[in-house]
Number of protein chains: 2
Amino acid sequence: MDRLIEAITNVQNPSVVGLDPTEALVPPQVVASFAEEVRDSVDSPEELPAAQLAVAYFEFNRTIIDAVADIVPAVKPQIAMYEALGPAGVDVYTMTCEYAAQQGLYVLGDIKRGDIGSTAAAYAHHLSGVGADAAAGDDAADNGESIIFDPWHEDAVTVNPYLGTDGITPFVDAAVASDKDIFVLVRTSNPSSSELQMLDLADGTKVYEHVADLVEGWGAETRGQHGYSRVGAVVGATHPEEGRALRKRMPHTFFLVPGYGAQGGTAQDVAGMFDETGSGAIVNSSRGIIGAWKKSGRYSESMSADQALELVAESARQAAIDMRDALRFAVYR
Amino acid sequence: MDRLIEAITNVQNPSVVGLDPTEALVPPQVVASFAEEVRDSVDSPEELPAAQLAVAYFEFNRTIIDAVADIVPAVKPQIAMYEALGPAGVDVYTMTCEYAAQQGLYVLGDIKRGDIGSTAAAYAHHLSGVGADAAAGDDAADNGESIIFDPWHEDAVTVNPYLGTDGITPFVDAAVASDKDIFVLVRTSNPSSSELQMLDLADGTKVYEHVADLVEGWGAETRGQHGYSRVGAVVGATHPEEGRALRKRMPHTFFLVPGYGAQGGTAQDVAGMFDETGSGAIVNSSRGIIGAWKKSGRYSESMSADQALELVAESARQAAIDMRDALRFAVYR
């Protein structure tokens with residue numbers, strides 16, 4: 001987790017911008033502006049809407065990334081929004097990750113994968129890339145060269161714990177080998193998260209506390225120079241009391257805190273999820289940043305695509321600054 | 001779940017072939033045979049191994065599908081194996097799903113997605129496809145036409161329950177709207193599944209039993225004419241006693257049973273997961289079918305790619321027949 005912690009320190013801003021585009025969050029004139037460009041790229045007319053939206057998502061993301069790259073340490077693209085468009089969307093997810101990485105940002109892929117051991121090992125290629133050994137017939141492999149192809153461009157991914165240790169170990173191994181990190185779901189920000197996570201266990205703890213103990217253990221051998229392991233935890237901003245208790249329970253586990261802003265979490269709510277030095281957590285906001293243009297009062301349908309993107313950029317940057325300053329005030333006291 | 005149940009009845013075979021290719025499961029001469037074909041399709045040399053393997057995976061899958069399409073009702077591609085190759089692999093995943101569907105097979109996408117409500121709604125497009133409303137600027141949308149683009153070609157997907165009801169509802173809604181199904185992880189087949197799923201709750205039940213009750217409830221409004229809902233459960237073949245108990249506990253929930261064969265489950269182990277009419281479950285085998293050629297004793301490195309694929313086809317078909325007959329003997333008594 002050292003790379004993320006140092007990136008946060010460099011900009012004095014423990015926040016991450018969620019790149020979760022939806023049709024409603026991209027100005028319609030931006031989508032429309034790609035109608036001609038994609039027309040020749042698809043095999044059949046019914047693919048057009050998805051292809052057009054995918055290209056628009058990338059332009060939108062690039063605008064956001066350019067607007068915030070000097071003030072935030074990281075971005076968190078949510079792969080679901082891209083998978084919703086099919087393979088063309090997945091392409092744009094990887095292009096977004098690559099572009100963000102090129103701008104010096106730490107890229108946290110919110111993929112929430114989780115499976116049994118042998119299958120988790122396949123998902124772990126999100127972190128480790130594809131080695132030259134992947135194609136037995138390849139000349140380069142025959143020559144003993146080690147070509148690594150990293151199609152995903154993620155510095156970390158989120159992982160689901162429901163399948164237990166053998167579904168986690170492959171990700172930890174890949175993280176160690178590639179100087180990357182993972183974040184395991186512990187206490188999610190959504191309303192019905194309590195149905196499973198808050199159940200009382202016979203030993204007096206709750207399910208999420210048991211998962212928290214597993215997570216702290218999974219990371220034990222991977223602590224970096226700042227004291228945090230490569231195995232982080234997802235702890236929703238909407239659960240401030242539990243977050244505060246988890247901070248004590250998991251002293252070597254870095255937190256990814258979703259649920260700030262649009263989902264209701266405030267800077268005060270998340271303050272207890274940081275350690276006494278102001279480290280230990282990074283707070284995500286998605287709609288609050290990338291959808292800020294809709295609340296600016298300055299949008300008009302008559303704007304050109306370029307004008308709309310300019311408004312997106314200005315609004316996102318201001319919202320990111322406001323969030324940074326709110327977190328600085330609440331955390332770096 | 002009616003379509004799946006009728007497909008099973010048609011071939012009198014409650015089994016599904018897992019299409020989980022790995023480099024080790026595809027004969028090397030098949031991979032090598034695509035070296036020339038992919039050379040011009042990639043932007044940089046390091047992409048070659050993944051691109052070559054992706055094309056080989058599709059050829060391998062098509063061979064398996066052709067070999068078993070008349071004797072099995074369904075296939076279950078595991079998306080992790082494809083994601084391991086990056087976007088080129090995801091393309092091949094969708095091509096595999098599409099080809100299987102064209103051969104009349106029910107396609108069960110093993111994607112194990114799970115997220116908070118608004119994000120789960122994005123993942124649910126795996127089932128619902130992309131509507132014409134996806135691109136606001138599209139002419140067809142302006143004309144009020146309803147073009148649905150289905151990039152994934154899945155009849156069902158697997159879903160992770162850790163986030164609770166609001167992460168499930170969007171999938172259920174999409175399944176109902178599209179005449180499709182979902183399967184929620186309840187008791188997985190892997191060794192460390194017990195770490196979380198077998199925990200004792202304060203009320204005397206176990207975590208997986210609580211999840212089972214949630215799953216039965218999530219499907220309650222979606223029961224089909226055969227008595228089973230659109231919300232199935234994943235119950236590992238490696239837990240025969242729990243599977244038998246779950247069969248009673250979840251009378252309207254169809255089971256997807258992984259872990260047969262290579263993972264250790266036998267036809268006797270899974271028999272208790274069927275209902276008294278021999279319905280109620282479908283059993284998956286992946287390596288046992290698609291890797292049967294490696295255990296045939298007939299493979300030789302000197303074979304041509306076509307000869308190797310012929311061996312793959314014959315071995316897979318025989319293994320699928322053996323599994324069908326073992327299940328018929330154990331279940332349809």
Side-chain angles (χ1 to χ4, degrees), chain A residues 23 28 31-32 35 45-50 52-53 78 80-81 83-87 90-91 94 112 114-117 119 122-123 125 130 132 134-138 147-149 151-152 160-167 185 188-193 195-196 199-202 207 210-211 214, chain B residues 23 28 31-32 35 46-50 52-53 78 80-81 83-87 90-91 94 112 114-117 119 122-123 125 130 132 134-138 141 147 149 151-152 160-167 185 188-196 199-202 207 210-211 214:
Chain A
E23 191 189 352
V31 180
E46 73 265 24
E47 293 180 37
L48 266 179
Q52 193 173 339
L53 210 48
Q78 165 54 262
M81 303 310 176
E83 277 193 32
L85 302 180
V90 177
D91 268 333
T94 64
K112 294 191 177 67
D115 212 298
I116 67 170
T119 307
Y123 278 132
H125 285 277
V130 188
D138 186 67
I147 301 178
I148 296 285
F149 168 48
W152 294 105
N160 187 304
Y162 191 68
L163 292 98
T165 299
D166 64 38
L185 305 187
T188 59
S189 58
N190 57 314
S192 62
S193 59
E195 288 174 6
L196 194 55
L199 291 176
D200 289 310
L201 293 171
V207 166
H210 188 88
V211 174
L214 287 171
Chain B
E23 190 188 352
V31 180
E46 72 265 24
E47 293 179 39
L48 265 179
Q52 192 173 338
L53 209 49
Q78 166 54 261
M81 304 310 178
E83 276 193 34
L85 303 181
V90 177
D91 268 333
T94 65
K112 293 190 178 68
D115 212 298
I116 67 170
T119 307
Y123 278 132
H125 285 277
V130 188
D138 186 67
I147 299 178
F149 167 47
W152 293 104
N160 187 303
Y162 192 68
L163 292 99
T165 299
D166 63 39
L185 304 187
T188 59
S189 57
N190 57 313
S192 63
S193 60
S194 299
E195 288 175 5
L196 192 56
L199 291 176
D200 290 310
L201 293 171
V207 166
H210 188 88
V211 174
L214 287 172

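Reminder, nothing fancy here: chain letters follow the sequence lines and each chain counts from 1.
Proximity to chain A is limited to the side chain of B:Asn160, based on heavy atoms less than 4.5 angstrom apart. Of the atoms belonging to A:Asp166, heavy atoms from both backbone and side chain fall under 4.5 Å from chain B. Residue contact with chain B, scored on non-hydrogen atoms closer than 4.5 Å, involves the side chain of A:Thr94 exclusively. The parts of A:Thr119 that come within reach of chain B are both its backbone and its side chain, each placing non-hydrogen atoms under 4.5 angstrom from that chain. If you measure heavy-atom distances from B:Glu83 to chain A, the contacts under 4.5 Å come from both the backbone and the side chain. At a 4.5 Å heavy-atom cutoff, the contact between A:Ile116 and chain B is made by backbone and side-chain atoms alike.
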What do the steps show when you test B:Glu23 against B:Leu53 for side-chain contact (heavy atoms from CB on, under 4.5 Å), and what is the final call?
-> CA-CA 7 Å; B:Glu23 190 188 352; B:Leu53 209 49; 4.1 Å; yes
Given A:His210 and B:Glu195, is the side-chain contact (heavy atoms from CB on, under 4.5 Å) satisfied, shown in steps?
-> CA-CA 9 Å; A:His210 188 88; B:Glu195 288 175 5; 5.5 Å; no
Between A:His125 and A:Phe149, is a side-chain contact (heavy atoms from CB on, under 4.5 Å) present by the stated rule, with each step listed?
-> CA-CA 10 Å; A:His125 285 277; A:Phe149 168 48; over 6 Å; no
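Put simply, CG on B:Asp115 and OH on B:Tyr162 are 13.5 Å apart, with the number rounded to the nearest 0.5 Å. Here OG1 of A:Thr188 is found 4.0 Å from CG of B:Leu163. Values are rounded to the nearest 0.5 Å.
The greatest number of non-hydrogen atom pairs below 4.5 Å with chain A, out of B:Thr165, B:Val90, B:Val211, is found for B:Thr165. When the candidates A:Leu199, A:Val207, A:Leu185 are compared by the number of heavy-atom contacts under 4.5 Å with chain B, A:Leu199 comes out ahead. Listed options B:Ser189, B:Pro161, B:Gly167 were ranked by heavy-atom pairs under 4.5 angstrom with chain A; first place goes to B:Pro161. Interface remark: of the candidates A:Ser193, A:Ser192, A:Ala202, A:Pro87, A:Ser192 forms the most heavy-atom pairs closer than 4.5 Å to chain B.
Between A:Ala122 and B:Met81, the shortest heavy-atom distance links the atoms CB-SD, 3.6 Å. In this structure, A:Glu46 and A:Pro49 approach most closely via the heavy-atom pair O-CD, 3.4 Å.
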